[in-house]
Every structure is written in structure tokens, then in C-alpha cells.
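Reading through the C-alpha cells given below for one structure.
Since this is a predicted model, take the numbers as computed values, not measurements. We use all heavy atoms of the structure for the numbers below, so side chains are in, but hydrogens, waters and symmetry mates are not.
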Amino acid sequence: MTTLTSDFLRTLQERGFIHQCTDLAGLDERAAKGPIIAYIGFDCTADSLHVGSLLPIMMLRWLQKTGHKPIVLMGGGTTKIGDPSGKDEARQLLTDEIINANMAGIKRIFGRYLSFGDGATDAVMVNNADWLDELKYIPLLRDIGRHFTINRMMTFESVKLRLDREQPLTFLEFNYMILQAYDFVELFRREKCLLQMGGSDQWGNIINGVELGRRTDGAELFGLTTPLLTTSSGAKMGKTAAGAVWLTADKLSAYDFWQYWRNTEDADVGRFLRLYTELPLDEVARLESLEGAGINEAKKILAHEVTKLAHGEAAALEAAETARRTFEQGAAAEGLPSIDVPRAALEAGVALVDLLVSAGLAASKGEARRLIKGAGAKMNDAAIPDEAAKATAADLNADGVIKLSAGKKRHALVKAV
């Protein structure tokens with residue numbers, strides 16, 4: 001392992017963030033001399049980000065905590081094209097209105113992780129539409145396009161993947177890597193940004209930016225990527241059977257977010273504590289060495305620390321208390337995800353298949369029926385007897401709610417209104 005002198009890169013290395021770097025020794029030397037400016041780009045394909053984006057967000061946070069300046073680049077321009085990296089087919093083209101609405105939703109997330117302002121190491125947020133929308137086609141081809149060869153572009157994984165699978169790659173998407181490279185050069189010119197970071201799937205795009213900066217401006221730029229993370233069982237981070245694990249409460253409750261981390265596989269606890277929390281490494285080592293019931297306490301600490309960053313201390317504590325009351329006391333605690341059902345409808349009876357779907361415990365009626373048939377669905381902690389069963393007002397408990405469960409760890413409340 002390379003001995004690093006800068007606090008920033010040493011921290012990333014010790015915690016497991018570093019996968020590839022264009023010049024690790026050179027970047028370390030530069031970062032040790034004083035503040036550097038680095039950026040990560042986020043396209044606006046949805047109105048929130050999910051756990052798959054949390055690793056780069058944490059990297060920006062460590063960048064700032066170790067005395068450097070982060071730039072959050074919003075892809076208001078590049079989202080109009082869509083990054084082909086890792087995709088079998090073209091993304092759906094979004095309107096400017098949708099892109100702007102998505103951008104507004106994403107911006108909310110970063111205030112919890114970064115300190116924004118006008119200071120030397122305060123984070124700034126920029127939008128690449130500010131320069132990409134102004135580009136003229138012929139000057140772009142002459143000034144930027146001449147530095148890219150089709151031969152080289154054909155070797156990048158995002159292109160090869162599509163061609164190997166005989167999936168169409170549009171000329172529009174083919175331009176994405178050029179525009180991302182141009183973003184890096186533009187941020188160097190505007191902000192003196194020296195480093196682009198991202199996931200390992202962005203390696204080719206990042207290299208293009210480093211090389212373009214050298215050719216057009218004689219700039220010494222750097223690229224750094226994080227590993228592609230999967231769980232020990234091979235599942236992709238940020239996805240569950242119930243859908244994406246979003247970072248905003250309007251898309252996923254703080255309780256469900258807490259539960260996602262509480263349900264971490266034993267073998268992943270130490271790795272996730274290093275990557276997704278700021279706990280000291282000696283404490284992480286202690287927690288990951290625990291066995292039996294102790295590892296469950298480590299998972300609760302992981303869930304608390306990650307939820308605290310994403311949703312705040314109060315929400316993390318409330319989620320933990322809800323879990324305690326639900327699982328340790330068997331009570332239908334407030335704070336679980338809930339749906340409202342008219343009392344009149346419950347008086348007549350509502351199909352539990354429909355309620356399981358509405359509560360997000362099943363993706364479809366077919367899945368709900370299979371859940372019931374396999375004895376995996378419960379109402380008020382009792383197995384639902386058959387697929388035709390209904391919930392009625394008589395099933396409301398003393399708090400005026402019905403508790404639905406899918407398996408042992410997923411729960412929701414039905415409230416009469």
C-alpha cells in the first residue's frame with residue numbers, strides 16, 4: 001500500500017474509498033501542499049438520489065473535512081443527453097421542466113453533508129447547463145472534438161457494452177463523454193478545479209477530461225474513482241426488492257432508510273462503517289469484531305450513524321425507537337410507514353391484497369397473493385389466512401391502526417380516517 005502524506009488521500013485510503021487514480025503520488029503531493037478543488041457530477045434523472053450516490057457524496061464530505069473545497073456539479077446540461085455508462089439502452093429524454101424540478105429535489109440532499117458558502121473550503125454548487133447550453137456546434141467540433149478519436153472512444157466500456165450486446169448507441173449518447181470531459185476543462189478554467197472524482201464506471205469519462213485539459217490548456221489534472229460496491233451476497237447497493245433506497249424522506253421514510261442499514265449482512269458491517277460513517281477506525285475495528293448478538297448492536301450503530309447524516313439526529317433516534325417498540329415489544333409503534341383508508345371503506349371490508357400493495361409491502365397483487373400463500377404476510381402479527389381475506393374496522397387496535405407485515409422486517413400501518 002502506498003504511503004500517503006495528505007490527510008485527504010490517507011483518510012480515503014484507510015477507509016476503502018480509492019479504486020483508481022490517474023497519478024496517486026502526484027495528487028497526494030499536491031493535496032499535501034494546501035487546499036485543492038475537486039468535483040463530482042450528478043445528473044438530474046430523478047428528483048432525488050439513492051444510496052448508490054452515497055459513496056461519492058461521502059468522498060466530497062471527507063474532501064471538505066480534510067481542508068479542501070468541493071464542487072457539486074449538477075448535470076442540467078448532460079442530463080439532456082443521458083450517460084450511456086452501464087446502460088443497455090438509451091435513457092428516456094427529459095424535458096427542461098422535469099430536469100429543473102429534479103435538480104431542485106437533488107439540491108436538498110447536499111446541505112446535510114457539505115457546508116456551502118464563500119469561504120476558501122466552502123462547497124459550491126454549479127450547473128453545467130450554464131456553459132453547455134451556450135456551446136456552438138461547429139466551434140465545439142473544431143476546438144474540442146479534434147482531441148478525440150473514434151478509435152479511442154470505441155474502446156470505452158460504455159460503448160463496448162452496447163455494441164457487444166447489439167444494442168443501439170445513438171450519436172447523441174456518443175457525445176456524452178466529450179461533454180463530460182469539457183465540463184472538467186470548464187471547471188478548471190472557472191474554478192481552478194484540479195480533481196474529478198466518481199464511481200469506477202466513470203473512469204473512462206474522467207480520463208478523457210484529464211487528457212483534454214492537458215491538450216487544450218496544458219493543465220495537470222487528476223482523476224480518482226471509488227470501487228463499484230455490492231453487498232457480500234452480490235446485491236447492488238441502493239436497491240432492494242421494494243425498490244430504490246432514496247436519500248430523501250419524501251421518497252423513503254427515515255425509518256425504512258434506518259432499517260435498510262440495520263439489515264446489513266454481517267460480513268459487510270465493518271466495510272460499511274468505514275465508508276458510510278465517520279466513526280474512528282479503532283471503533284470500527286471493535287464493532288466489526290463483535291459476534292452473535294453483538295454484531296446486531298453494531299448494525300444498529302451503523303444504521304444510526306448513516307441515518308443521522310442523511311436525515312438528522314432526531315430522525316435517526318425516532319427510527320431506532322420505532323424499531324425497538326416494533327420488534328422488541330411487538331407494538332405497532334407510530335413512525336412506521338402508513339397509509340390512510342376511509343373508515344367507511346374499512347366498515348365494508350378492504351381486500352388485504354390491495355392494502356399490501358398500497359402500503360408498499362408488495363409490488364403487485366400477484367406478489368401480495370404469493371406472500372399470503374407462503375405465510376409471509378401478517379395482519380396485527382397474525383398470519384393472513386387466505387388470499388381473499390379482508391381487513392375491517394374490527395381489526396383496528398386501540399390506537400386506531402392495523403399493522404401489516406411482509407416477512408419479519410417490513411411493516412406498515414393502515415390508519416382509519
Point to revise | Candidate pair V414 and V350, rule side chain to side chain contact (heavy atoms under 4.5 Å, CB included), full reasoning | key: CA-CA 11 Å; V414 176; V350 180; over 6 Å; no

As an exercise, state the distance from [atom1] of [X] to [atom2] of [Y], rounded to the nearest 0.5 Å.
{"X": "L371", "Y": "R410", "atom1": "CG", "atom2": "CZ", "value": "7.5 Å"}
{"X": "I18", "Y": "L12", "atom1": "CD1", "atom2": "CG", "value": "5.0 Å"}
{"X": "L195", "Y": "L63", "atom1": "CG", "atom2": "CG", "value": "7.5 Å"}
{"X": "F222", "Y": "C193", "atom1": "CZ", "atom2": "SG", "value": "11.5 Å"}
{"X": "C44", "Y": "I99", "atom1": "SG", "atom2": "CD1", "value": "7.0 Å"}
{"X": "I37", "Y": "L187", "atom1": "CD1", "atom2": "CG", "value": "9.5 Å"}

When you measure from the side chain of [X] to the backbone N and O of [Y], does any donor-acceptor pair fall under 3.5 Å?
{"X": "R15", "Y": "R274", "answer": "yes"}
{"X": "R324", "Y": "A320", "answer": "no"}
{"X": "R343", "Y": "A416", "answer": "no"}
{"X": "R369", "Y": "E387", "answer": "no"}
{"X": "E305", "Y": "L273", "answer": "no"}
{"X": "N128", "Y": "D183", "answer": "no"}

Validation row: [X], [Y] side chains within 4.5 angstrom (heavy atoms):
{"X": "V306", "Y": "F272", "answer": "no"}
{"X": "R61", "Y": "L309", "answer": "yes"}
{"X": "T248", "Y": "D47", "answer": "no"}
{"X": "L317", "Y": "H304", "answer": "yes"}
{"X": "L60", "Y": "M197", "answer": "yes"}
{"X": "Y276", "Y": "L55", "answer": "yes"}
{"X": "E367", "Y": "R370", "answer": "yes"}
{"X": "L179", "Y": "L135", "answer": "yes"}

What are the two closest heavy atoms between [X] and [Y], and how far apart are they?
{"X": "A46", "Y": "N102", "result": "O-CB, 3.1 Å"}
{"X": "L247", "Y": "S48", "result": "N-OG, 4.0 Å"}
{"X": "N127", "Y": "G75", "result": "OD1-C, 4.3 Å"}
{"X": "T22", "Y": "L221", "result": "OG1-O, 4.3 Å"}
{"X": "S405", "Y": "H411", "result": "OG-ND1, 2.7 Å"}
{"X": "H19", "Y": "S200", "result": "CD2-CB, 3.6 Å"}

Review point. Step by step, would you call K365 with L356 a side chain to side chain contact (heavy atoms under 4.5 Å, CB included)?
Key: CA-CA 8 Å; K365 290 185 179 182; L356 288 167; over 6 Å; no

Point to revise | Pairs satisfying side-chain hydrogen bond (donor to acceptor under 3.5 Å, both in side chains), at least one member in residues 209-226, at least two apart | key: Q20-T225, R152-E211, R189-D217

Charged N to carboxylate O under 4.0 angstrom, [X] versus [Y]?
{"X": "K69", "Y": "E191", "value": "no"}
{"X": "E297", "Y": "K300", "value": "yes"}
{"X": "K80", "Y": "D96", "value": "yes"}
{"X": "R108", "Y": "D250", "value": "yes"}

Review point. Hey, is NZ on K299 packed in by over 12 heavy atoms from elsewhere, all under 6.0 Å?
Key: yes

Practice item. Could you check L194, I36, L4 and say which one makes a side-chain contact (heavy atoms from CB on, under 4.5 Å) with L27? Key: I36

Review point. Is it the case that D43 and T78 place a side-chain donor and acceptor less than 3.5 Å from each other?
Key: yes

Review point. For Q196 and Q180, does a side-chain donor sit closer than 3.5 Å to a side-chain acceptor?
Key: yes

Check your understanding: For Y113 and Q64, what are the C-alpha separation, side-chain angles and deciding distance, and is it a side chain to side chain contact (heavy atoms under 4.5 Å, CB included)?
Key -> CA-CA 10 Å; Y113 292 91; Q64 186 171 51; over 6 Å; no

Exercise for review: Assess whether side chain to side chain contact (heavy atoms under 4.5 Å, CB included) is satisfied between T121 and H68, documenting all intermediate values.
Suggested key: CA-CA 5 Å; T121 61; H68 305 281; 5.8 Å; no

**Study point:** Qualifying residues under ring pair (Phe, Tyr, Trp, His ring centres under 6.0 Å), relative to F184, sequence neighbours excluded
**Key:** Y39

